[in-house]
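Shown next, in C-alpha cells, is the structure this report addresses.
Owing to the predicted nature of the structure, the values given are computational and were not obtained by experimental measurement. So that the names make sense, note that chain A is the first sequence line, chain B the second, and so on, each numbered from 1.
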Amino acid sequence: AQSVTQLDSQVPVFEEAPVELRCNYSSSVSVYLFWYVQYPNQGLQLLLKYLSGSTLVKGINGFEAEFNKSQTSFHLRKPSVHISDTAEYFCAVSGPYNFNKFYFGSGTKLNVKP
Amino acid sequence: DAGVIQSPRHEVTEMGQEVTLRCKPISGHNSLFWYRQTMMRGLELLIYFNNNVPIDDSGMPEDRFSAKMPNASFSTLKIQPSEPRDSAVYFCASSSAGGGNTDTQYFGPGTRLTVL
C-alpha cells in the first residue's frame with residue numbers, strides 16, 4: 001500500500017515569512033498528489049493537486065507545490081504567510097493501483113505568529 | 001452548490017447506544033468515502049462506495065461498524081453498540097472519480113461523535 005510521510009508535525013513561523021511543508025510518498029510509479037487544508041472545526045478543503053503536466057502546481061491562497069518524481073516528494077510552499085494561514089495541512093496520494101483511494105499523511109500544523 | 005452535507009454535526013451518546021451518521025454527497029458524484037479522524041490515528045479511510053456499491057471496507061474497524069448507500073444521494077454509517085473509543089470526528093467525502101480515474105474528494109463539515 002502507498003504510504004505518505006509528512007516529516008513535520010508542527011511548523012511555527014512568523015507572519016510574512018516563507019514556509020515549506022514537506023511531503024514524501026512511497027511509490028515511485030505514477031501517482032496523483034493533493035494538498036488539503038483543515039481550519040479548526042471544519043472539513044478538509046483542496047488547496048491544489050497534481051495530476052500531470054507541469055511539475056510546479058499553483059493553488060489557492062498563494063500556495064504552490066512542486067512534484068519531484070526522483071525524490072518522491074510533493075512539498076508545499078508559500079513565499080509569505082498570513083495569520084489566516086494557521087491551520088493543519090494534509091498531503092494525500094492516490095494510486096498507483098487504485099486511483100480512487102486516497103492515502104493521507106498525518107498532517108502538519110502550521111502556526112503563524114504575529 | 002450545497003457541498004457535502006453531514007448530519008448531525010455533533011452527537012453525544014452513552015456507551016452501548018446505537019449511533020447513525022448521515023451523509024448527502026454532491027449531486028452527480030459517483031464515489032462516496034467515510035473517514036474517521038482522531039488525534040492518535042489521524043485521518044483513516046473506513047469505507048468507500050462507487051455507484052452505491054461498497055468497494056473497499058478494509059478500514060472498517062470491526063463488526064460494530066456498518067455503512068450503507070441505498071441510493072446516489074444518501075449514505076449512513078452506523079455504530080452499534082458504540083464504545084468510548086469510537087469518539088472521533090467522522091467525515092464524509094464525495095468525488096466524481098471511478099473506473100480507474102481520480103478526482104478531487106470534497107469533504108463535508110464532519111460529525112463530532114462523543115461516546116460517554
Side-chain angles (χ1 to χ4, degrees), chain A residues 1-10 21 23 25 27 29-53 57-60 63 65 67 74 87-109, chain B residues 1-7 9-10 21 23-26 29-51 53-59 88-112 114:
Chain A
Q2 180 73 259
S3 69
V4 181
T5 303
Q6 291 185 243
L7 296 169
D8 305 300
S9 60
Q10 296 193 43
L21 306 183
C23 173
Y25 56 94
S27 174
V29 188
S30 296
V31 294
Y32 300 125
L33 299 153
F34 304 78
W35 274 100
Y36 282 82
V37 60
Q38 184 179 30
Y39 299 103
N41 300 314
Q42 294 187 26
L44 279 70
Q45 302 174 31
L46 180 71
L47 269 181
L48 50 80
K49 62 184 176 184
Y50 172 79
L51 302 182
S52 65
V57 180
K58 294 188 183 297
I60 62 171
F63 283 93
F67 170 55
F74 191 54
E88 190 160 17
Y89 293 80
F90 292 90
C91 180
V93 178
S94 72
Y97 305 110
N98 182 346
F99 292 102
N100 206 8
K101 188 171 181 177
F102 282 23
Y103 297 88
F104 282 87
S106 55
T108 298
K109 290 183 179 177
Chain B
D1 196 338
V4 176
I5 299 172
Q6 291 186 248
S7 65
R9 291 293 310 276
H10 298 88
L21 311 181
C23 175
K24 177 179 170 56
I26 292 172
H29 282 187
N30 60 355
S31 293
L32 184 140
F33 307 81
W34 281 103
Y35 289 89
R36 178 172 67 177
Q37 186 178 39
T38 61
M39 291 288 290
M40 292 297 294
R41 301 174 69 90
L43 197 62
E44 306 172 272
L45 176 66
L46 300 178
I47 185 172
Y48 81 88
F49 296 83
N50 184 247
N51 293 324
V53 176
I55 303 298
D56 185 343
D57 65 354
S58 58
V89 180
Y90 290 81
F91 289 104
C92 177
S94 72
S95 79
S96 57
N101 299 321
T102 193
D103 199 1
T104 302
Q105 291 186 15
Y106 295 87
F107 283 74
T111 295
R112 183 174 295 276
T114 302

Taking all heavy atoms of A:Leu44 and all of B:Phe107, pick out the closest pair and write down the distance.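 Heavy-atom minimum between the residues: O-CB, 3.4 Å.
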
Where B:Arg9 and A:Asn41 come nearest, the two heavy atoms and their spacing: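 The pair with the smallest heavy-atom distance is NH2-O, 3.9 Å.
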
Using atom types as modelled and distance alone, determine if a side-chain donor or acceptor of B:Tyr106 lies under 3.5 Å from a backbone N or O of A:Leu46.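 Here the side-chain-to-backbone pair does not exist.
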
Who passes salt bridge (Lys or Arg N to Asp or Glu O under 4.0 Å) against B:Lys24, sequence neighbours left out?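 Applying salt bridge (Lys or Arg N to Asp or Glu O under 4.0 Å) to B:Lys24 gives none.
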
Would you mind checking which part of [X] comes under 4.5 Å of any heavy atom in chain B, side chain (CB onward), backbone (N, CA, C, O), both or neither?
| X | answer |
| --- | --- |
| A:Gln45 | neither |
| A:Phe90 | side chain |
| A:Ser94 | side chain |

Flag the pair A:Asn100 / B:Ile55 as yes when at least one side-chain heavy-atom distance between them is below 4.5 Å, and no otherwise.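 In short, these two side chains do not touch, never coming nearer than 4.5 Å.
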
Which portion of B:Thr111 sits near chain A, non-hydrogen atoms under 4.5 angstrom: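 Neither; nothing under 4.5 Å.
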
Just verifying a value: how many Å separate [X] [atom1] and [Y] [atom2], rounded to the nearest 0.5 Å?
| X | Y | atom1 | atom2 | value |
| --- | --- | --- | --- | --- |
| B:Tyr35 | A:Phe102 | OH | CZ | 6.5 Å |
| B:Phe91 | A:Gln42 | CZ | CD | 9.5 Å |
| A:Lys101 | B:Leu45 | NZ | CG | 6.0 Å |

A:Ser9: partners by side chain to side chain contact (heavy atoms under 4.5 Å, CB included), with sequence neighbours left out: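 For A:Ser9 there are no side chain to side chain contact (heavy atoms under 4.5 Å, CB included) partners, ignoring immediate neighbours.
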
Check step by step if side chain to side chain contact (heavy atoms under 4.5 Å, CB included) holds for A:Tyr32 and B:Thr104. CA-CA 10 Å; A:Tyr32 300 125; B:Thr104 302; over 6 Å; no

Pull out the residues in residues 36-44 of chain B that come under 4.5 Å of chain A, heavy atom to heavy atom, sorted by number.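 Expected list: B:Gln37, B:Met39, B:Leu43.
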
Only counting residues at least two apart or in another chain, list the ones meeting ring-ring contact (aromatic ring centres under 6.0 Å, His included) with B:Tyr90.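 B:Tyr90 satisfies ring-ring contact (aromatic ring centres under 6.0 Å, His included) with no other residue.
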
